[in-house]
Asker: 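Next up is a structure, given as structure tokens.
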Amino acid sequence: MKSFYVTSPIYYVNDVPHIGHAYTSLACDVLARFMRFDGHRVFFLTGTDEHGQKVAKSAAAAGVDPQAFTDKVSQNFRALLPALGCSNDDFIRTTEKRHAASCQAIWKAMAARKTPKGNDNIYLGAYSGWYAVRDEAYYEESELTTGPDGKKRAPSGAEVEWVEEPSYFFRLSDWGDWLLEWYAKNPDAVGPASRRNEVASFVKQGLQDLSISRTTFDWGIKVPGDEKHVMYVWLDALTNYITAVGYPDVDSERFKIFWPASVHMVGKDIVRFHAVYWPAFLAAAGLEPPRRVYAHGWWTNEGQKISKSLGNVIEPNKLIETYGLDQVRYFLMREVPFGQDGDFSNAAMIRRMNTDLANDLGNLGQRVLSFVAKNAGAAVPSPGAYLDADRALLDKAAAMLSIVRAELAQQGFHKALDAVFAVVADANRYVDAQAPWSLRKTDPARMATVLYALMETLRRVGLLLQAYMPGTMAKLLDQLAVPADKRDAGAWDEALVPGTALPAPQGLFPRHVEAGEGTKK
RNA sequence: GGCGGCGUAGCUCAGUGGUAGAGCAGGGGAAUCAUAAUCCCUUGGUCGGGGGUUCAAAUCCCUCCGCCGCUACCA
């Protein structure tokens, strides 16, 4: 059995869940569901990133210790998953014991090994730079301005001072060639291709060593053997991906089955951490890099950049409440080519849910199933010999599986949907062309064949769309009387059994009508 | 500044040398099984500007204009 390991980033608990988090998680979920459907052994991981100075500070501000604080706020993210219909297999928190053990193990593994150039991977040095206390951030010399008072200031206007602190460094500078070779030999390792090019050109510029410990705060995982230091949050955070599959027990069944990860799904803002640092950390520790890192784009809201200060943050729960879960899942996966930025607008959302879902797919189901209920004895009809028109529809429906499989293998979520909805459109044309309402009077046997072909097409559409819209497609398959154990790719060619009794049809996708609209004048 | 990408119908985009395409939106019609849904036809573009190569350019080359991404240690 093939395995498939997909991860979302672990979400930083200091953030409030927004559409970006939901989007990443949903993309992972669609992949996870499709791969399970397609017979893979799947592990879908998500979780929360809970260490770092900002979290410690937020906890202090709330008057609680950091652990109690993160116990609480990590729930914001955990609770979002069922609301989104996510089928994650685990939820990891970086404050868990298993994770501390894993981080310390990868640190030791890195420290024990040499770089490709024969140097130690980790060495103790000093991290120095222009630090703004107010911003809690370091700045590059080039970013600073010198005021009339002679003081250097950050772009934010905060005063900066030169500080030095002891720090362990990861000798990233020795890993550049290895990374470039990895990109070259594994063209699918980073996607979309534009991101791979960006990352490669970044590496080509030459890499500096990376500070991987801090001494200025202590809310983190202790560096083995030097407890004054806590690990750099990104080393801590990225390591979650192996913790969850059993690291440091590399001989465990789970680790052997699922590592390396099939896809790390990330937002475009954190590509570098996943496509440069992470593979280098892993290689330094003697572990395999992930098979693929894929960066998706960002959403705007009604054409505007989303920001807290603009107050136009899109809350996933609100969206689901307004439009429905499966509608939102569909919209996010369909509206924008995955990998590119996209715009959310209520008009576009409503257009998609009414046009694609209610009118095309929902109405197709309704017109076919209610016709069968009224005119074919509420049971699966018995088909006669197929004509060319029937074959054309059925063959195209049968071909969808391999198309969807190929598209999703490279995160082509929208293209996979394109292929399925092309068949839905064909099916609507077929209904009109065959006009079963006429056949009812002239040729009942032919009518039965047409209805059967339509139901078979709906069955396959329903099977494939389960990954995107699990709830609604379960209803569709129920209405087609597809048995629960015949809803995966293994049952792709197991056609509906004539004579099977059918339940009363019900609408799948209600049209969305805006308040004040909908009453005829 | 450097590197990379993009600019095609009202909107979102596909199309990388051979008579301009899709979806949605707009207009007209057909049908009546269905969630007034569906189906057919149709309006609409000097393919960012200019120059060049070629029998032929949205597609290759040059140049200009505009937009975007990356250009390292908050996460």
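Here is the naming used below: chain letters follow the sequence lines, and residue numbers restart at 1 for every chain.
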Asker: Evaluate the criterion side chain to side chain donor-acceptor pair (under 3.5 Å) for residue pair A:T46 and A:S8; output intermediate values, then yes/no.
Answerer: CA-CA 5 Å; A:T46 186; A:S8 86; 2.6 Å; yes

Asker: Between A:D341 and A:G507, which is nearer to the 5' end of RNA chain B once each is assigned its nearest nucleotide?
Answerer: A:D341

Asker: In whole angstrom, give the distance that lies between atom CG of A:L454 and atom P of B:A34.
Answerer: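 Answer to the nearest Å: 15 Å.
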
Asker: Whole angstrom is fine here: how far is it from CG in A:N375 over to C1' in B:U32?
Answerer: 13 Å

Asker: Between B:G27 and B:C68, how far apart are the two C1' atoms, rounded to whole Å?
Answerer: 36 Å

Asker: Using a 4.0 Å heavy-atom cut-off across all strands, classify A:R352 as base, sugar-phosphate, or nothing.
Answerer: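 Counting heavy atoms under 4.0 Å across all strands, no contact is made by A:R352.
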
Asker: For B:C70, give the paired nucleotide (Watson-Crick: N1-N3 plus N6-O4 or O6-N4; G-U: N1-O2 and O6-N3; both under 3.5 Å), or none.
Answerer: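 Per the H-bond distance test, B:G2.
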
Asker: Considering only atom P, compute the distance from B:C55 to B:U46 and round it to an integer number of Å.
Answerer: 28 Å

Asker: Is the phosphate of B:U35, meaning OP1 or OP2, less than 4.0 Å from a side-chain N or O of A:Q366?
Answerer: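 It does, given that an N or O in the side chain of A:Q366 lies less than 4.0 Å from OP1 or OP2 of B:U35.
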
Asker: Check nucleotides 39-42 of chain B against the protein and report each pair of N or O atoms closer than 3.5 Å, with its distance, or say if there are none.
Answerer:
unit_1	atom_1	unit_2	atom_2	d
B:C39	O4'	A:D432	OD2	2.8

Asker: Could you give the CZ-to-C1' distance, from A:R195 to B:G5, as a whole number of Å?
Answerer: 10 Å

Asker: Any side-chain heavy atom of A:Q327 sitting closer than 4.5 Å to one from A:L357?
Answerer: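 When only atoms from C-beta onward are counted, A:L357 and A:Q327 do touch, with a gap below 4.5 Å.
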
Asker: Determine the contact category for A:S194: base if any of its heavy atoms lies under 4.0 Å from a base atom, sugar-phosphate if only primed atoms, P, OP1 or OP2 are that close, otherwise nothing.
Answerer: nothing

Asker: If I pick the C1' atom on B:C11 and the same atom on B:G17, what distance separates them, to the nearest angstrom?
Answerer: 29 Å

Asker: Can you identify which nucleotide, out of B:U35, B:G69, B:C24, has its nearest atom closest to the A:E198 side chain?
Answerer: B:G69

Asker: What do you reckon, do A:F371 and the base of B:C33 stack, with centroid distance below 5.5 Å and planes below 30°?
Answerer: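 Check failed, A:F371 does not stack on base of B:C33.
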
Asker: Counting only heavy atoms from other residues, nucleotides and ligands, does the tally under 6.0 Å from CD of A:Q75 exceed 12?
Answerer: yes

Asker: From C-beta outward on A:K54, which listed nucleotide comes closest to its side chain: B:A14, B:C74, B:U35?
Answerer: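 For the A:K54 side chain, the nearest candidate turns out to be B:C74.
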
Asker: Base, sugar-phosphate alone, or nothing: which one does A:G362 contact when heavy atoms must sit under 4.0 Å apart?
Answerer: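 Base, at least one base atom sits under 4.0 Å.
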
Asker: Starting at NE2 of A:H51 and ending at P of B:A75, how long is that distance when rounded to a whole Å?
Answerer: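 These atoms are roughly 13 Å apart.
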
Asker: Could you pick out which residue, A:W437 or A:R351, lies toward the 5' side of RNA chain B when each is mapped onto its nearest nucleotide?
Answerer: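 Upstream on the strand: A:R351.
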
Asker: Quantified in whole Å, what is the P atom distance between nucleotide B:C62 and nucleotide B:C67?
Answerer: 22 Å

Asker: Report yes or no: is there a donor-acceptor pair, N or O only, under 3.5 Å between the side chain of A:N359 and the base of B:A37?
Answerer: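 No, the side chain and the base share no sub-3.5 Å donor-acceptor pair.
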
Asker: Return yes if a side-chain donor-acceptor contact under 3.5 Å exists between A:N121 and A:T115, otherwise no.
Answerer: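 No, because no side-chain N or O of A:N121 sits under 3.5 Å from a partner of the opposite role on A:T115.
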
Asker: Please report the C-alpha distance between A:Y294 and A:H264 in whole Å, then the side-chain angles of each, then the deciding distance to 0.1 Å, and finally whether the ring-ring contact (aromatic ring centres under 6.0 Å, His included) criterion is met.
Answerer: CA-CA 6 Å; A:Y294 196 90; A:H264 289 316; over 10 Å; no

Asker: Assign A:G206 to base, sugar-phosphate, or nothing according to its heavy-atom contacts below 4.0 angstrom with the strands shown.
Answerer: base

Asker: Applying a 3.5 Å limit to both distances, which nucleotide forms a Watson-Crick or G-U wobble pair with B:G23?
Answerer: B:C11

Asker: Check this one for me: any side-chain N or O of A:K57 less than 4.0 Å away from OP1 or OP2 of B:C74?
Answerer: no

Asker: Side chains of residues 360-374 of chain A: which donor-acceptor pairs under 3.5 Å do they make with residues two or more places apart or in other chains?
Answerer:
unit_1	atom_1	unit_2	atom_2	d
A:R367	NH1	A:N428	OD1	2.9
A:S370	OG	A:Q366	O	2.8

Asker: A:R93 and salt bridge (charged side-chain N to carboxylate O under 4.0 Å, His left out): which partner among A:D49, A:D71, A:D236?
Answerer: A:D71

Asker: Let's test this: given Watson-Crick or G-U wobble pairing with both distances under 3.5 Å, identify the partner of B:U54.
Answerer: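 Partner of B:U54: none.
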
Asker: Measure CG/A:D343 against P/B:U12 and give the value in whole Å, please.
Answerer: 9 Å

Asker: Is the CH2 atom of A:W437 crowded by more than 12 outside heavy atoms at less than 6.0 Å?
Answerer: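 Correct, the count exceeds 12.
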
Asker: Using the P atom on both, measure B:U8 against B:A14 and round to a whole Å.
Answerer: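 10 Å, rounded to whole Å.
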
Asker: Please determine, for the side chain of A:Q208, which listed nucleotide (B:A37, B:C73, B:C74) has the closest atom?
Answerer: B:C73

Asker: Taking atom types as modelled, find out whether A:T215 and A:E165 have a side-chain donor-acceptor pair closer than 3.5 angstrom.
Answerer: yes

Asker: Need one value for A:L207: base, sugar-phosphate or nothing, where a base atom within 4.0 Å counts as base even if backbone is also close, heavy atoms only.
Answerer: base

Asker: Should B:A75 form a Watson-Crick or G-U wobble pair with both distances under 3.5 Å, which nucleotide is its partner?
Answerer: none

Asker: Classify the nucleic acid contact of A:K204 as base, sugar-phosphate or nothing, counting any heavy atom under 4.0 Å across all strands shown.
Answerer: nothing

Asker: B:C68 P sits how many Å from A:K305 NZ, rounded?
Answerer: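 Taking atom P of B:C68 as the reference, NZ of A:K305 is at 11 Å.
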
Asker: If you measure from the C1' atom in B:G29 to the same atom in B:G5, how many Å do you get, rounded?
Answerer: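 To the nearest whole Å, 45 Å.
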
Asker: Rounding to an integer number of Å, can you tell me how far A:Q53 CD sits from B:C73 C1'?
Answerer: 13 Å

Asker: According to the Watson-Crick and G-U wobble definitions, with both distances under 3.5 Å, which nucleotide is paired to B:U46?
Answerer: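 By the stated definition (distances under 3.5 Å), nothing pairs with B:U46.
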
Asker: How many Å lie between OH on A:Y183 and C1' on B:C70, as a whole number?
Answerer: 13 Å

Asker: Any side-chain N or O of A:N354 under 4.0 Å from OP1/OP2 of B:U35?
Answerer: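 No.
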
Asker: Can you check side chain to side chain donor-acceptor pair (under 3.5 Å) on A:Y11 and A:N76, steps first, answer last?
Answerer: CA-CA 10 Å; A:Y11 301 117; A:N76 296 339; over 6 Å; no

Asker: Just name whichever nucleotide pairs with B:U38, Watson-Crick or G-U, keeping both distances under 3.5 Å, else none.
Answerer: B:A30

Asker: If you draw the axis of the six-membered ring of A:Y127, does the NZ or CZ of A:R214 fall within 45° of it and under 6.0 Å from the ring centre?
Answerer: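 Verdict for A:Y127: a cation-pi partner in A:R214.
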
Asker: Quick one: label A:L369 by what it contacts on the DNA or RNA (base, sugar-phosphate, nothing), any heavy atom closer than 4.0 Å.
Answerer: nothing

Asker: When the P atoms of B:G21 and B:U16 are considered, how many whole Å apart are they?
Answerer: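 That atom pair is separated by 15 Å.
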
Asker: For B:G49 and B:G45, measure between their P atoms and round to the nearest Å.
Answerer: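 Pairwise P distance, B:G49 against B:G45, rounds to 14 Å.
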
Asker: At under 4.0 Å between heavy atoms, what does A:D15 touch on the DNA or RNA strands: base, sugar-phosphate, or nothing?
Answerer: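 Nothing: the residue A:D15, judged by heavy atoms under 4.0 Å, touches no strand.
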
Asker: Look at the side chain of A:L508 and decide which nucleotide, out of B:A72, B:U35, B:A75, has an atom nearest to it.
Answerer: B:U35

Asker: So A:Y232, base contact, sugar-phosphate only, or nothing? Heavy-atom distance under 4.0 Å.
Answerer: sugar-phosphate

